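These numbers come from a predicted model, not from an experiment. Convention: sequence-line order gives letters A, B, ...; per-chain numbering from 1.
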Amino acid sequence: MILAQIENNLNQLVENFNKQTFIYELLLAYNHPKASITRLQKGGLNLSKIPGEIDWKKKLFFKEVTHEDLHDVIDNAVTNERIIKHDPRFIVVTDFETLLAVDRKTKDTLDIPILEIAKHPDFFLPWAGIEKRQLPTENPADVKAAAKMAKLYDEIRKENPATSPDDIHSLNVFLSRLLFCFFAEDTGIFEKNLFTNSISSHTSQDGSDLHTYLNTLFEIMNTNTSQRNNPPAYLDAFPFVNGGLFRNNHPSPKFSMKSRQLLIECGSLQWRDIHPDIFGSMIQAVVSPEHRGGFGMHYTSVPNIMKVIEPLFLNELKEEFEAAKFEPRRLLKLLERLSKIKIFDPACGSGNFLIIAYKELRLLEIEILQQLQSLQKAATGFEPKQLELIPKAQLTLAAAYQPTLFSRIELSQFYGIELDDFAHEIAILSLWLAQHQMNVKFKEAFNTCNPTLPLQASGNIIHGNATRLNWEVVCSKEADNYIYILGNPPYLGAKELDKQQKGDMDLVFAELGNVKRLDYISCWFKIASDYIFGSEAKYAFVSTNSICQGEQVPLIWPYILLKKEEIFFCHQPFDWENNAKSNAGVTCVIVGVQNIKKDCGKIIYYGAISKQVKNISPYLIEANSIIVHQRVNSLSGFPKMILGSSGFDGGNLLLTVNERLSLINSNPEAEVYIKRFMSGNDFLYDDIRYCLWIDDDQLEEALKIPYIKVRIEKCKEFRLKAGRDARKAADVPHRFFYQTHRDSDGIIFPKTTSGKREYVPTDFVKANTIYSNAVFLIYDADPYIFAILSSRMHKVWMEVTSAKMRSDFRYSVNLTYNTFPFLPITHNQKQELERHVFTIISERENLSEKTLAELYDPKNMPISLRDAHQELDFAIDRCYRSKPFTSDEERLEYLFRLYAQMIEEEKQKNGEIIFEQQNTKKKIRNKYA
DNA sequence: AATCCGACACGGT
DNA sequence: ACCGTGTCGGATT
């Protein structure tokens, strides 16, 4: 899809060819941000001072050549140190007749007349974030077909500006009919090229009569051959298709000469090679131009789909097949079972999950039938072919298990809900295409198969909002069904929902009270849990990991667990990945839920490795399903941890080193209004920044300094335009909005930390320094608190209870610090911990030339420092029990048990009331009770 | 491709 | 009125 778009851009570039802007247009064609190109054009990003050259770091070295030989110039450039100093990906030279280019990474070269650039759209693809080697994983047939369809669609839209939802729906249906015809004439459903040939020979070249022709044709395909009203032979050659595809009257759009030509070109593509699962996602981007850029960003890759369907149902069926391999009765029973399976994707998009599931089931069915045949052959001594010729009475008992050779798996066993009308049409169509492809496979195996035409009912794909529809109406639960719900519903953080989606959540969670901090996807978990309640049905979704971490866990999981449901498999967090241009920056999990089954092994997948466990906690770890609730004070009596100060100032109250210097140079009296400012970054990397820190009673004096006055005014301006809270502080623009600063000793702890460090770098506060809201502070704390925060024990707890961002942790006071279970310790123990803290501090001081980030670099942590931390860990572990812990899993298990015990004791001691107050989610808790 | 955090909206107390 | 949490993120190297 990107290719099509780029090809388009390049064609435009060639049509309006302009030497001055050529190189910028070229960069723009590959979706470089406009702003960057404008800067480049103005010289901002250009590192070369020589006219006619562009040197854009990492991206491009470009040279206009007038008199020299192009090949000499480029050969020279490739090894010229000045030119490759900034590691440009491409070197391009041109005299505006010929264009030469080198891809410095792949060593590919390009040597073409410059006006033919549009024929080589793939050469510069790495600019668009696509490595060429990735292309083969995108099936070329899919890419080409989608690209051509995009062009056709654009042409059609030019002639037929659709406005009403009905028009758009008609166009959606029309496209799906076209796709079917292209596919049909290329895969033996129709005679070879029947559709395209008939259009090219029976419609006029200017396209004027094409729409009426198509209307007639579609009506023919909707009419049983016996009921046709003597149409001309060239129309009668088209079979009766049925299945609903041509049932409703949707007038075809009008065509031009160009669009007719494009349509015929589309027909000549290799439709038989397309993958309905992936193609669907690609074609979906055709009709939503806003999605073309980031095409397919959110479609689920086949490996990820397999990660869902295998543990959800496929592995179990395959195991049964293995176990039943020599028992015909059992095999027949398994076949029967396949026909009772229902697969339901309540966010099906263009149907990827359903198609993959369908194909896998059909393949398994073929295997079972083949096995039955070979059993027969073994029992009777006859080949399956010969068997048909022998009277039944003569057959042995085993041979009587002759399975009838047709597929028992119907598309009507596949259910879906999709919000997008076009995607839903494509899902229906793609299922038919997949069915035909599987019928062909079936025929290869048995030389017979179900007929593809007339089409049978397709999947039950409903166009609608899954959060509002009654799933039991969409996919009814019958006693002998095996129902599997799956999919990859949309992830939308609680703050990114639009009005409609907020309304969806209010409705879905009406009975649970306020759960507005849940991700949108939790709607699917909640409804699915209601759906499978008390039945054999199971569900598994690809989800954002956030619903198994941090504050969302106590919001959604108690509801599911109280329904006596359990997680029976999960995939631990992995990065979202598909072939799209830029993968969504999100970390996913896969969670499978069923009603509690005794003695059923649960499986945790860590990438390719899996582990059988007794229980999977909502945090997706091997542990009891204890849920940690937020609390506003420390369970273990630690001093209060608070967030640093935050400006809401648009950066206007902050100063760089140079800004401070020039301010003090011009106004030495300004120094009293300036303090060091530290965010997490500054504290880890020793970066130095400053901020304006002006008390109310200093304001009048401070405003006399023009620079400060300007900064404060800018801050006010910013706040007036900003959000709800910032606006409130617009009248005090000299102040940080949240001021938590205190002039006293304390401990600082970063809010975001790399998940890769063995220990979280903790430090003591520095005097006269303002800490930003990127760090937490504990003022007036005993040094042993430092010991606890630096410990492995605490890190293990953080890994589970805090939220994650990508692979890093976002520390949380209420979820992690306040819930951390730690037993009271003696004065001596405190002293011992403090000794370890001072060892760590002195080890750091011995290496004071290094930043904290360097000291705690997991690969290069100094041995003396690591030893000091290990000694501390031993001491902390001994505060819990005398027997040493051997692994983090053991630590975690211990912590969970201790947490539950301490919560219980606290409840006993303080009585229900205080517990209620501490339980920040009391409303919800009451609902659960 | 890996790394690591800024800024702020918005719900909750 | 105050405070904490998280971001199908974003910039930088």
Side-chain angles (χ1 to χ4, degrees), chain A residues 33 57-58 87 129 131 294 296-300 488-497 502 513-521 542-547 549-552 555 575-578 580 582-588 630-632 640-651 654 677-685 687 689 718-719 721-729 737-740 750-757 761 772-776 802-818 853 856-858 917-924:
Chain A
K57 200 175 169 186
K58 296 269 182 198
D87 192 24
E131 285 303 326
M297 187 130 149
H298 298 143
Y299 85 87
T300 319
N488 182 3
Y491 318 159
L492 279 173
K495 286 154 203 165
E496 310 206 355
L497 301 171
K502 278 184 183 154
N514 285 336
V515 282
K516 291 194 170 150
R517 306 188 72 136
L518 278 170
D519 194 287
Y520 192 47
I521 197 176
V542 183
S543 168
T544 161
N545 61 346
S546 62
I547 83 150
Q549 267 156 1
E551 66 173 358
Q552 300 204 35
L555 291 179
D575 287 339
W576 176 262
E577 213 168 72
N578 64 22
S582 55
N583 283 323
V586 61
T587 310
C588 301
Q630 302 191 32
R631 45 182 297 143
V632 293
K640 214 168 168 51
M641 177 185 262
I642 58 169
L643 204 60
S645 304
S646 54
F648 283 70
D649 59 336
L654 301 184
F677 176 77
M678 272 208 198
S679 69
N681 202 20
D682 310 320
F683 137 76
L684 283 167
Y685 294 92
D687 288 343
R689 283 199 286 174
F718 170 83
R719 284 188 184 165
K721 282 189 212 144
R724 185 195 73 183
D725 287 7
R727 275 202 303 279
K728 279 189 217 158
F737 186 43
Y738 297 133
Q739 307 190 52
T740 55
K751 187 173 175 184
T752 319
T753 14
S754 161
K756 305 231 161 98
R757 293 197 185 105
S772 87
N773 65 353
V775 295
F776 292 107
S802 276
K804 267 190 183 172
M805 208 170 162
R806 293 272 167 93
S807 57
D808 316 320
F809 298 105
R810 295 288 267 180
Y811 194 76
S812 148
V813 175
N814 290 354
L815 282 161
T816 303
Y817 180 76
N818 287 341
Y856 285 85
D857 178 345
Q917 286 171 353
Q918 284 165 348
N919 187 335
T920 55
K921 298 287 167 279
K922 67 179 172 193
K923 264 195 218 160
I924 295 153

Any-strand Watson-Crick or G-U partner of B:dA7, both distances under 3.5 Å =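 Matched B:dA7 with C:dT7 under the 3.5 Å cut-off.
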Any side-chain N or O of A:S754 under 4.0 Å from OP1/OP2 of B:dT3?
->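 Checking B:dT3 against A:S754, no side-chain N or O comes under 4.0 Å of OP1 or OP2.
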Is A:S546 near enough to C:dT7 that one of its side-chain N or O atoms lies under 4.0 angstrom from OP1 or OP2?
->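 So the side-chain polar atoms of A:S546 do come within 4.0 Å of the phosphate oxygens OP1 or OP2 of C:dT7, strictly under.
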C:dC3 base to A:D725 side chain: any donor-acceptor pair below 3.5 Å?
->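 For A:D725, whose side chain was compared with the base of C:dC3, there is a donor-acceptor pair (under 3.5 Å).
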If you take atom types as modelled and just measure distance, does the side chain of A:R631 reach the base of B:dG12 with a donor-acceptor pair under 3.5 Å?
->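 Not at all, since no donor on one side and acceptor on the other fall under 3.5 Å apart.
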Measure from [atom1] on [X] to [atom2] on [N] and round the result to the nearest Å.
{"X": "A:M641", "N": "C:dC3", "atom1": "CE", "atom2": "P", "value": "16 Å"}
{"X": "A:F718", "N": "B:dC8", "atom1": "CZ", "atom2": "C1'", "value": "8 Å"}
{"X": "A:Y685", "N": "B:dT3", "atom1": "OH", "atom2": "C1'", "value": "7 Å"}
{"X": "A:K640", "N": "B:dT13", "atom1": "NZ", "atom2": "C1'", "value": "11 Å"}
{"X": "A:D687", "N": "C:dT13", "atom1": "CG", "atom2": "P", "value": "10 Å"}
{"X": "A:Y738", "N": "C:dA1", "atom1": "OH", "atom2": "P", "value": "12 Å"}
{"X": "A:F648", "N": "C:dT5", "atom1": "CZ", "atom2": "C1'", "value": "12 Å"}

By nearest atom, which of the nucleotides [options] is closest to the [X] side chain?
{"X": "A:N814", "options": "B:dG6, C:dG4, C:dT7", "value": "C:dG4"}
{"X": "A:K756", "options": "B:dG6, B:dG11, B:dT3", "value": "B:dT3"}
{"X": "A:L654", "options": "B:dG11, C:dT7, B:dA7", "value": "B:dA7"}
{"X": "A:T752", "options": "B:dG12, B:dG6, B:dC5", "value": "B:dC5"}
{"X": "A:Q630", "options": "C:dT5, B:dC8, B:dG11", "value": "C:dT5"}

Give [X] one of three labels, base, sugar-phosphate or nothing, depending on what nucleic acid heavy atoms sit under 4.0 Å from its own.
{"X": "A:P750", "value": "nothing"}
{"X": "A:F737", "value": "nothing"}
{"X": "A:K751", "value": "base"}

Any side-chain heavy atom of A:K751 sitting closer than 4.5 Å to one from A:V775?
->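 When only atoms from C-beta onward are counted, A:V775 and A:K751 do not touch, as no gap falls below 4.5 Å.
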Using heavy atoms to find the nearest nucleotide of DNA chain B for A:A722 and A:R689 separately, return the residue whose nucleotide is more 5′.
->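 It is A:R689 whose nearest nucleotide is closer to the 5' end.
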